[in-house]
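These notes concern the structure reproduced below.
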Amino acid sequence: MSFYPEFDEVLDRLIKKAKKYDSINLSVTDLNGILRTKTIPGDVFHRVVKGEGGIGMYSGTYSIAANSDAFYPEIFLKHYMADGFLIPQDAPPYENHWCAPATAANEKVLEVICDIYWKHDKSQVYNSPRHLTNKLLRQLDEQGLSIYSAMEYEFTVFESDGKTPAWRGVHAYSNIVIRKVALTVSDLKACLKKAGIPVRSVNTEYGPGQLEITIFPKYGITMADDAIMFKHAVMETFLNHNFKATFMSKSDETSSPSSGHYNFSIWNKEKTKNLFYDSEAEDNLSQLARRFISGIITHAKALTGLFDPTVNCYRRLVPHTFAPFTVSWSYEAREAFIRAKNSAENCTYLEVRAPSGSSNPYLVLSGVIAAGLDGIKRNLDIPPFEGDITDCELLPRSLDEALNYLENDEILVESLGEDFVDHYITLKRKLEIAKLEGMDDIEKERQLYMDLI
């Protein structure tokens with residue numbers, strides 16, 4: 001029995017490709033959006049994956065916090081904390097030009113997207129965020145629909161001490177200020193281009209040391225794969241140049257919060273028509289676009305638990321931060337949960353502004369699809385936009401409150417899977433909230449999140 005139908009073909013292609021590289025990084029993304037990696041020398045890759053039967057990987061990888069604290073769910077204990085197999089997925093690998101072996105030793109490094117499977121029955125470990133996303137994408141495909149999307153990340157750059165911003169003050173869109181990190185950004189752009197993740201735009205943002213860099217949208221799960229690689233490329237490239245970059249929502253008391261806006265549209269299965277656009281509608285938004293808006297707004301409070309997954313995130317979801325703090329949608333308002341962009345057919349999409357820079361793109365994509373499909377299934381609709389968004393219901397004010405909404409949202413729980421939601425919430429409560437909630441100590445939050453998120 002193979003791990004999945006195309007596995008043998010995928011592995012054979014990878015073995016041939018590995019001969020051209022010094023190192024092969026086999027990486028999975030944990031629930032925190034952090035890559036967890038085993039590196040295999042390219043010249044022994046065939047012997048390890050074929051002759052030894054596979055690469056062992058700690059099956060509790062999806063049960064650890066950002067700092068690698070762990071809890072042990074029942075199914076994990078049932079298998080005696082056994083290793084699983086680290087299995088390459090049917091996804092294009094990335095040339096990694098930003099990691100230490102590539103920059104310090106001039107190695108050729110290949111980054112391979114993987115997932116963890118149980119050894120005893122070759123089934124996929126249920127709490128994988130990428131596995132969840134593929135499940136939701138199949139449900140979308142069954143409706144004859146494709147999703148075209150991209151994350152839009154902000155992050156803060158510090159000097160090597162991790163405390164001094166790369167520049168002081170508010171200098172949004174300043175070519176003068178960005179000179180401080182211009183060589184680093186140029187290196188990053190070159191690395192990402194070689195990896196097949198070309199940069200779309202770069203600008204300074206509203207806070208000290210803050211940058212926004214956008215990449216181009218992709219269909220399906222490739223968006224999330226690209227986003228994970230992008231974030232790690234940013235963090236490693238800035239380290240290579242003696243800076244420290246973090247996607248924490250708020251990395252100190254004076255910083256401007258960093259977001260991870262999610263921009264998406266729904267297309268037909270053939271990917272030839274934007275189904276969010278309707279030239280006959282007064283605002284160019286189709287009924288399908290309205291179903292997605294209504295589904296996301298209906299589940300907004302629960303989705304916040306996925307979109308803003310750290311205790312630190314809730315320092316951002318407050319008034320006057322250009323971030324949403326109410327259950328709302330708009331055409332232009334920057335503090336809305338969703339903005340509907342509707343200037344032309346190929347420029348009609350929804351900007352979900354709630355996600356933090358700390359968000360896991362697989363969970364953002366999964367949550368949006370689940371909520372949107374509910375909007376379709378129940379024919380949910382929204383009234384025409386009117387009024388002041390500050391008059392709308394407030395979003396959760398803490399991670400614990402958001403998780404309570406997620407836990408009690410029966411529709412989302414059923415769509416995402418009860419086991420997955422229970423596991424995710426337990427991890428957050430045991431390994432983050434229990435340690436940080438109520439302390440209002442940003443330094444302890446930095447210790448937990450800053451190095452890897």
Practice prompt. List the steps, then state whether side chain to side chain contact (heavy atoms under 4.5 Å, CB included) holds for Tyr262 with Met223.
Written response: CA-CA 10 Å; Tyr262 177 64; Met223 179 287 299; 3.6 Å; yes
Item to complete: Please step through salt bridge (charged side-chain N to carboxylate O under 4.0 Å, His left out) for the pair Lys180 and Glu159, ending with a clear verdict.
Response: CA-CA 11 Å; Lys180 180 71 179 289; Glu159 301 286 356; 2.6 Å; yes
Item to complete: For Gln139 and Ile369, run side chain to side chain contact (heavy atoms under 4.5 Å, CB included): C-alpha distance rounded to whole Å, both residues' side-chain angles, the deciding distance at 0.1 Å, then the answer.
Response: CA-CA 9 Å; Gln139 293 178 21; Ile369 294 174; 5.7 Å; no
Practice prompt. List the steps, then state whether ring-ring contact (aromatic ring centres under 6.0 Å, His included) holds for His423 with Phe71.
Written response: CA-CA 10 Å; His423 181 90; Phe71 82 98; 5.0 Å; yes
Practice prompt. Would you check, one step at a time, whether the test ring-ring contact (aromatic ring centres under 6.0 Å, His included) holds for Phe238 with Phe155?
Written response: CA-CA 11 Å; Phe238 276 89; Phe155 57 94; 5.8 Å; yes
Practice prompt. Please report the C-alpha distance between Ile213 and Tyr153 in whole Å, then the side-chain angles of each, then the deciding distance to 0.1 Å, and finally whether the side chain to side chain contact (heavy atoms under 4.5 Å, CB included) criterion is met.
Written response: CA-CA 6 Å; Ile213 299 181; Tyr153 283 119; over 6 Å; no
Worksheet entry | Trace of the side chain to side chain contact (heavy atoms under 4.5 Å, CB included) decision for Trp329 with Leu350 | CA-CA 10 Å; Trp329 78 279; Leu350 301 182; over 6 Å; no
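Judged purely by atom type and a 3.5 angstrom limit, Lys341 has no side-chain atom pairing as donor or acceptor with the backbone of Glu351. With hydrogens and angles ignored, the 3.5 Å screen pairs a side-chain donor or acceptor of Ser294 with a backbone N or O of Arg291. Using a distance-only test at 3.5 Å, with no hydrogens or angles considered, a donor-acceptor pair links the side chain of Asn360 to the main chain of Leu31. Under a 3.5 Å cut-off, the side chain of Arg290 and the backbone N or O of Ile382 do form a donor-acceptor pair. Side-chain N or O atoms of Glu335 include one that pairs as donor or acceptor with a backbone N or O of His320 at under 3.5 Å. Thr29 places no side-chain N or O within donor-acceptor distance of the main-chain N or O of Leu35, the cut-off being under 3.5 Å. Checking side-chain atoms of Asp187 against main-chain N and O of Leu183 turns up no donor-acceptor pair under 3.5 Å.
Residues Gln89 and Asp115 have side chains that never bring a donor and an acceptor to within less than 3.5 angstrom of each other. Judged purely by distance below 3.5 Å, without hydrogens or angles, the side chains of Thr246 and Thr156 never pair a donor atom with an acceptor atom. Between the side chains of Asn342 and Thr348, not a single donor N or O lies within less than 3.5 Å of an accepting N or O. No side-chain N or O of Tyr4 forms a donor-acceptor pair with one of Gln124 less than 3.5 Å apart.
Nearest heavy atom pair, residue Leu448 against residue Leu431, reads CD2-O, 4.4 Å. Val177 approaches Ser174 most closely through the heavy-atom pair N-OG, 3.1 Å. Pairing each heavy atom of Ser330 with each of Glu332, the nearest pair is OG-N, 3.0 Å. Nearest heavy atoms, Pro129 versus Leu363: CB-CD2, 3.9 Å. Heavy-atom minimum distance, Ile221 versus Leu365: CA-CD2, 4.3 Å. The shortest heavy-atom contact between Glu401 and Ser398 is N-OG, 3.1 Å.
In this structure, Arg446 is positioned above the aromatic face of Phe158, its NZ or CZ under 6.0 Å from the six-membered ring centre and within 45° of the axis.
Side chains of Tyr349 and Asn274 form no contact here, defined as non-hydrogen atoms less than 4.5 Å apart. Two residues are said to be in side-chain contact when any heavy atoms from C-beta on lie closer than 4.5 Å; Leu306 and His299 fail this criterion. You'll find the side chain of Leu211 reaches within 4.5 Å of the side chain of Val185, heavy atoms only. Side-chain contact between Trp118 and Ser123 is present, with heavy atoms from C-beta onward closer than 4.5 Å. Side-chain atoms of Ile34 and Ile64, non-hydrogen and from C-beta on, never get closer than 4.5 Å to each other. Taking 4.5 Å as the limit, every side-chain heavy atom of Leu188 sits out of range of all side-chain heavy atoms of Glu236. In this structure the side chain of Lys301 reaches within 4.5 angstrom of the side chain of Val327, judged on heavy atoms. Proximity of Lys231 to Met151: side-chain heavy atoms (C-beta onward) are nowhere separated by under 4.5 Å.
Note that CD of Gln447 is 11.5 Å distant from CE of Met450, once rounded to the nearest 0.5 Å. For the atom pair CD1 of Ile87 and CD1 of Ile116, the computed distance is 10.0 Å after rounding to the nearest 0.5 Å. Summarising the geometry, atom CZ belonging to Phe243 is positioned 5.0 Å from atom OG1 belonging to Thr184; distances are rounded to the nearest 0.5 Å. The NZ atom of Lys244 sits 9.0 Å away from atom CE of Met235, with the distance rounded to the nearest 0.5 Å. Expressed to the nearest 0.5 Å, how far OG of Ser415 lies from CG of Asp409 amounts to 9.5 Å. The CG atom of Leu317 lies 10.5 Å from the CZ atom of Phe325; values are rounded to the nearest 0.5 Å.
Of the charged side-chain nitrogens involved, none lies within less than 4.0 Å of a carboxylate oxygen, so that Glu154 and Arg316 do not count as a salt-bridged pair.
Within a 6.0 Å sphere centred on CG of Asn175, heavy atoms belonging to other residues, nucleotides or ligands number 12 at most.
Here salt bridge (charged side-chain N to carboxylate O under 4.0 Å, His left out) pairs that include residues 165-177, with residues two or more places apart or in two chains, number zero.
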Please table the atom pairs, donor to acceptor, closer than 3.5 Å between any side-chain atom in residues 92-100 and protein atoms at least two apart or in another chain.
{"residue": "Tyr94", "atom": "OH", "partner": "Asp226", "partner atom": "N", "Å": "3.3"}
{"residue": "Tyr94", "atom": "OH", "partner": "Asp226", "partner atom": "OD1", "Å": "2.6"}
{"residue": "Glu95", "atom": "OE1", "partner": "His97", "partner atom": "NE2", "Å": "2.9"}
{"residue": "Glu95", "atom": "OE2", "partner": "Tyr21", "partner atom": "OH", "Å": "2.8"}
{"residue": "Asn96", "atom": "OD1", "partner": "Trp98", "partner atom": "N", "Å": "3.0"}
{"residue": "Asn96", "atom": "OD1", "partner": "Trp98", "partner atom": "NE1", "Å": "3.3"}
{"residue": "Asn96", "atom": "OD1", "partner": "Cys99", "partner atom": "N", "Å": "2.9"}
{"residue": "Asn96", "atom": "ND2", "partner": "Glu111", "partner atom": "OE1", "Å": "2.8"}

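Ring pair Tyr219/Trp267 is perpendicular by interplanar angle, where above 60° counts as perpendicular and below 30° as parallel.
Aromatic pair Phe292/Phe264: ring centres closer than 6.0 Å.
Exactly one of Ser249, Ser256, Pro257, Ser259 qualifies for a side chain to side chain contact (heavy atoms under 4.5 Å, CB included) with Thr321. That residue is Pro257.
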